Amino acid sequence: MALNCPVYGSSQQDGMNKASLTNGDNHTAWAPKFNPAYAQIDLEQNVKISSIQVIPPVTMGSEEYAQYSVYASLDGETYDLVGQKNDTKPSPTAGESYAANGKKARYIRILTEYCSTQDTLPISEVRVYGEESETELQSPSKISVESFEKTDYAKSVTDEETLEQVRGVVARTVGEQLSTGSNLSSITPQVIWTGMKSTCTTERFASAAIKVFP
């Protein structure tokens with residue numbers, strides 16, 4: 001049911017793209033750039049799933065093992081765990097099969113978690129078995145994003161707010177006694193340097209810390 005269906009995901013390595021998961025070829029594979037990562041198959045129809053098969057690459061060694069989770073969703077928002085490989089047994093060449101017991105779903109998501117011999121987990125194929133469901137197609141809700149101009153982040157930062165932040169830096173670095181006062185600008189670099197030398201273990205560290213001031 002997943003043959004040649006579109007695949008989306010978080011990342012992919014050069015030459016090991018996500019489309020390999022549904023191309024029917026065991027000699028190709030998808031590999032993310034890092035773990036954990038996910039790939040999601042859109043079956044483009046609601047399917048009454050009997051089982052899902054996850055096939056490792058033919059290049060995977062006999063002692064190599066993988067850990068991952070398989071999820072299914074009807075609407076692309078709520079996902080249910082269908083299967084999980086969290087042991088240290090090597091996967092058979094034919095892969096692992098997980099019973100779905102007639103679960104209805106449109107989206108299949110696989111989450112890569114660990115590979116015993118490399119930084120990322122390659123997967124050759126994800127095959128979905130079942131039959132078309134008569135249920136109505138559902139799509140994920142559109143994400144509503146507030147305009148940036150209407151958020152607190154768009155507000156102008158005042159000079160007083162800036163000074164307050166600098167006071168905090170001074171207080172944490174050289175002590176509260178140098179961060180108080182009605183006018184922080186009256187604290188000269190020479191005064192702060194003196195405080196630095198008395199509170200820091202090295203002049204090099206004090207010299208770096210003083211750069212927060214113009």
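Keep in mind that what you see is a predicted model, and the values were worked out from it rather than measured.
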Distance-only polar pair, side chains of Y68 and E96, donor-acceptor under 3.5 Å: no
Considering all heavy atoms, the nearest S51-S97 contact: CB-OG, 3.9 Å
Distance-only side-chain donor-acceptor flag, D80 / T78, under 3.5 Å: no
Minimal non-hydrogen separation, L74 against Y107, with atom names: O-CE1, 4.1 Å
Shortest non-hydrogen separation from P122 to P57 and the atoms involved: O-CD, 3.4 Å
Closest heavy-atom pair and its distance - K104, T135: NZ-CG2, 3.7 Å
Residue pairs passing the salt bridge (charged side-chain N to carboxylate O under 4.0 Å, His left out) test where at least one lies in residues 107-130, sequence neighbours excluded: E125-R127
Separation of I49 CD1 from K103 NZ (nearest 0.5 Å): 8.0 Å
Flag if over 12 foreign heavy atoms under 6.0 Å of CG, D14: no
Flag, side chain of Q12 to backbone of N17, donor-acceptor distance under 3.5 Å: no
Q40 side, atom CD; L111 side, atom CG - distance, nearest 0.5 Å: 11.5 Å
Given K89, K85, Q84, the one that forms side chain to side chain donor-acceptor pair (under 3.5 Å) with D87: K85
Residues V126, I41; criterion side chain to side chain contact (heavy atoms under 4.5 Å, CB included); working and verdict: CA-CA 9 Å; V126 175; I41 302 169; 3.7 Å; yes
Pairs satisfying salt bridge (charged side-chain N to carboxylate O under 4.0 Å, His left out), at least one member in residues 35-54, at least two apart: D42-R106
Single-linkage hydrophobic cluster, 4.5 Å side-chain cutoff, V7 and V70 together: yes
Point-to-point distance, once rounded to the nearest 0.5 Å, from CG of D25 to OG of S124: 7.0 Å
side-chain hydrogen bond (donor to acceptor under 3.5 Å, both in side chains) between N23 and T28, worked out: CA-CA 8 Å; N23 67 0; T28 61; 2.9 Å; yes
Contacts of type side chain to side chain contact (heavy atoms under 4.5 Å, CB included), residue T112, not counting sequence neighbours: W30, P32, N35, A37, L121, I123
Residue list, side chain to side chain contact (heavy atoms under 4.5 Å, CB included) with T117, at least two apart or on another chain: E64, C115
I55 reachable from I108 in the ILVMFWY side-chain graph, under 4.5 Å edges: no
Euclidean distance, Y79 OH relative to S73 OG, rounded to 0.5 Å: 4.5 Å
Contact summary for T22 and A2, nearest pair of heavy atoms: CB-O, 3.1 Å
Cluster link L81 to Y38, ILVMFWY, side chain under 4.5 Å: yes
Intermediate values then yes/no, side chain to side chain contact (heavy atoms under 4.5 Å, CB included), M1 and L3: CA-CA 6 Å; M1 303 298 291; L3 183 63; over 6 Å; no
Minimum-distance pair of heavy atoms, taken over all atoms of T120 and Q118: O-CG, 3.1 Å
Flag, side chain of N46 to backbone of E136, donor-acceptor distance under 3.5 Å: yes
Non-neighbouring partners of K18 that pass salt bridge (Lys or Arg N to Asp or Glu O under 4.0 Å), sequence neighbours left out: none
Other cluster members, Y65 - Ile/Leu/Val/Met/Phe/Trp/Tyr, side-chain contacts below 4.5 Å: Y114
